[in-house]
Amino acid sequence: MESIAKLPQTFKENPSVIFDSTALNHQPDQIPQQFVWPDHDKPSTNVPILQVPIIDIAGFFSGDPFLVTEATRLVSEASKQHGFFLVTNHGVDERLLSNAYMLMDTFFKSSTFEKEKAQRKWGESSGYASSFVGRFETNLPWKETLSFLFTPEEKNENHAQNVNDFVLKTMGEDYKDFGRGFQEYAEAMSNLSLKITELLAMSLGINRNHFKDFFEDNESILRLNYYPKCKQSDVVLGTGPHCDPTSLTILQQDEVSGLQVFVDNKWQSIPPNAEALVVNIGDTFMALTNGIYKSCLHRAVVNSEIERKSLAFFLCPKFDKVVKAPVELKGGRAYPDFTWSMLLDFVTNHYRADMNTLEEFTHWLKNRGSLGDGSGQKEEAISVVAHKVAS
Ligand SMILES: C=C1C[C@]23C[C@H]1CC[C@H]2[C@]1(C)CCC[C@@](C)(C(=O)O)[C@H]1[C@@H]3C(=O)O
Ligand SMILES: O=C(O)CCC(=O)C(=O)O
Ligand SMILES: [Fe+2]
């Protein structure tokens, strides 16, 4: 591993440097170099379609032996290979999905002044961020994001984890419908993700409530992705290549394609499907299965014609819960014990999540000493493994 690269000590969105994609698209010259990715990362044209199974969630919960067997077989196969599958008959109200999508549009098309009311602060996971200027210096993603922390109401001591409260506090009363819309959306996705953990547990042959109990007091992240069109869509990326460091992702795509997964040594697309939500295994869940289920490299490309939007619900364990595979799951690769709060700290403040996050996190943990030995380690941790972040 190379020497240390320092992250900008004070991450702040410098007000004079905002990501105005409309202005950048209309400027006669090229888009700023910071948005241009290296040749080996640039989007390729006509990528093949990845065949991912479509899992009937209602069928699985009907208890019909054939449907249960089919669902667990398909999920097991996909999760061992690339960790992506689609879910239909998932029970999330279509009106909730379309309302969230419409609310996204109003927010991301509002003025910079309005958007910056929810400005994401250094070291935090919630709030508005545009292209991550100030956080990264190269390979900037061509996107704006709005992220919320979420904890199921009944488990929620501090209101910071309540989408509604965050919106009212940072954006004001005018946004109460907005806050309520995404609070309900997050609740629905949290419930669906717990159902999916039952399916995953059964597909692994362990107690169907094992993961559900582990995640019932989840401290998750809801992330809205807004990818403006780009006049040079062949040299930028909406979201760079990465594995989700989180546990389970439920992604609602719109009708504009852009999600690509790296399987069999090539990028392959998962095209939009209005009837289905995309689900993928993240690093934390891979560790919970001793590496049996895979967290897979993926990215989002943009286009020069129309903006693209996606909503990602990232299921995450309660911050201080130790991530440890159940004893029944032998084989595969054992990971050091860690807590989600440590991995979240790593990818928020020290390392840009990519395809090596878990590997680099493991090294970082070893350098820091044992689990939970955070005393006075923060300073050391500020300097992290060399990475694209500050290059
Ligand atoms: C815990 C998280 C960090 C990111 C959002 C969630 C899960 C995915 C992570 C991310 C999308 C992976 C690619 C890089 C990243 C910086 C991004 O492009 O947004 C990551 C998110 C983040 O660190 O804000
Ligand atoms: O927008 C997409 O299709 C994927 C986004 C993603 O991978 C993420 O936000 O982690
Ligand atoms: Fe992702």
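Counting starts at 1 for both ligands and their atoms, in listed order. Sequential numbering from 1 along the given sequence is applied to the chain's residues.
- The single protein non-hydrogen atom nearest to atom 3 (O) of ligand 2 is R308 NH2, 2.7 Å, given as residue, atom name and distance.
- A single hydrophobic cluster is seen to contain both Y185 and I250, as judged by linkage of ILVMFWY side chains at heavy-atom distances under 4.5 Å, directly or through other members.
- If you check which protein heavy atom lies closest to atom 23 (O) of ligand 1, you get R135 NH2, 2.7 Å.
- Close approach of ligand 2 to F314 (heavy-atom distance below 4.0 Å) involves ligand atoms 8 (C), 9 (O), 10 (O).
- Listed by atom number, the atoms of ligand 2 under 4.0 Å from H242 heavy atoms are 6 (C), 7 (O), 8 (C), 10 (O).
- The residue from K143, H298, R299 that alone fulfils the side chain to side chain donor-acceptor pair (under 3.5 Å) condition with T239 is K143.
- Seen from the ring of F214, K321 counts as a face-on cation partner, given the 6.0 Å and 45° thresholds.
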**Request:** Please assess K109 against E307 for the test salt bridge (charged side-chain N to carboxylate O under 4.0 Å, His left out), listing each intermediate value before the final yes or no.
**Result:** CA-CA 11 Å; K109 292 192 166 151; E307 78 258 17; 2.9 Å; yes
**Prompt:** Would E77 and K80 count as a salt bridge (charged side-chain N to carboxylate O under 4.0 Å, His left out) if you check the C-alpha gap in whole Å, the side-chain angles of each, and the deciding distance to 0.1 Å?
**Reply:** CA-CA 5 Å; E77 222 169 74; K80 284 176 181 168; over 6 Å; no
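- Nearest N, O or S atom of D244 to the Fe ion (ligand 3): atom OD1.
- N225 ND2, 3.3 Å is the protein heavy atom nearest to atom 9 (O) of ligand 2.
- Panel note: side chain D165, backbone L168; no donor-acceptor pair is recorded below 3.5 Å.
- Aromatic ring centroids of F346 and W364 lie under 6.0 Å apart.
- Ranking protein heavy atoms by distance to atom 18 (O) of ligand 1, first place goes to K143 NZ, 3.0 Å.
- Taking the centre and axis of the six-membered ring of F314, the NZ or CZ atom of R223 falls outside the cone set by 45° and 6.0 Å.
- For atom 13 (C) of ligand 1, the closest heavy atom belonging to the protein is H242 CG, 3.4 Å.
- In this structure a side-chain-to-backbone donor-acceptor pair under 3.5 Å is missing from S130 to E144.
- Within the structure, the closest approach of R120 to ligand 1 falls below 4.0 Å when heavy atoms are considered.
- Which parts of ligand 1 touch A353 is read off a 4.0 Å heavy-atom cut-off, strictly below it: atoms 12 (C), 13 (C), 14 (C).
- The Fe ion (ligand 3) lies at 2.8 Å or more from every N, O or S atom belonging to C243.
- The heavy atom nearest to atom 9 (C) of ligand 1, out of those in S147, P241, P245, A300, is found in P245.
- Considering backbone and side-chain atoms together, D244 places an N or O closer than 3.5 Å to an N or O of ligand 2.
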**Item:** M171/F107 under side chain to side chain contact (heavy atoms under 4.5 Å, CB included): CA gap, chis, key distance, verdict
**Value:** CA-CA 11 Å; M171 301 163 77; F107 175 76; 3.4 Å; yes
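- Looking at E124, R223, R352, R299, it is R223 that brings a heavy atom closest to atom 19 (O) of ligand 1.
- Counting heavy atoms under 4.0 Å from ligand 2, residue Q253 does not touch it at all.
- Protein heavy atom closest to atom 5 (C) of ligand 2, with residue, atom name and distance, is Y227 OH, 3.4 Å.
- W267 and V263 fall into different hydrophobic clusters, where Ile, Leu, Val, Met, Phe, Trp and Tyr residues are linked whenever their side-chain heavy atoms come under 4.5 Å apart, directly or through other members.
- Distances shorter than 4.0 angstrom do not occur between any heavy atom of R299 and any atom of ligand 2.
- H242 contributes atom NE2 as its closest N/O/S atom to the Fe ion (ligand 3).
- Inclusion of S310 in the set of residues having an N or O under 3.5 Å from an N or O of ligand 2 is warranted.
- Side-chain atoms of F319 and M342, non-hydrogen and from C-beta on, never get closer than 4.5 Å to each other.
- Atoms of ligand 1 lying under 4.0 Å from any heavy atom of F136, numbered from 1 in the order shown and given with element: 16 (C).
- Contact atoms of ligand 2 toward H298: 7 (O) (distance under 4.0 Å to a heavy atom of the residue).
- Side-chain rings of F285 and F211 approach one another, their centers coming within less than 6.0 Å.
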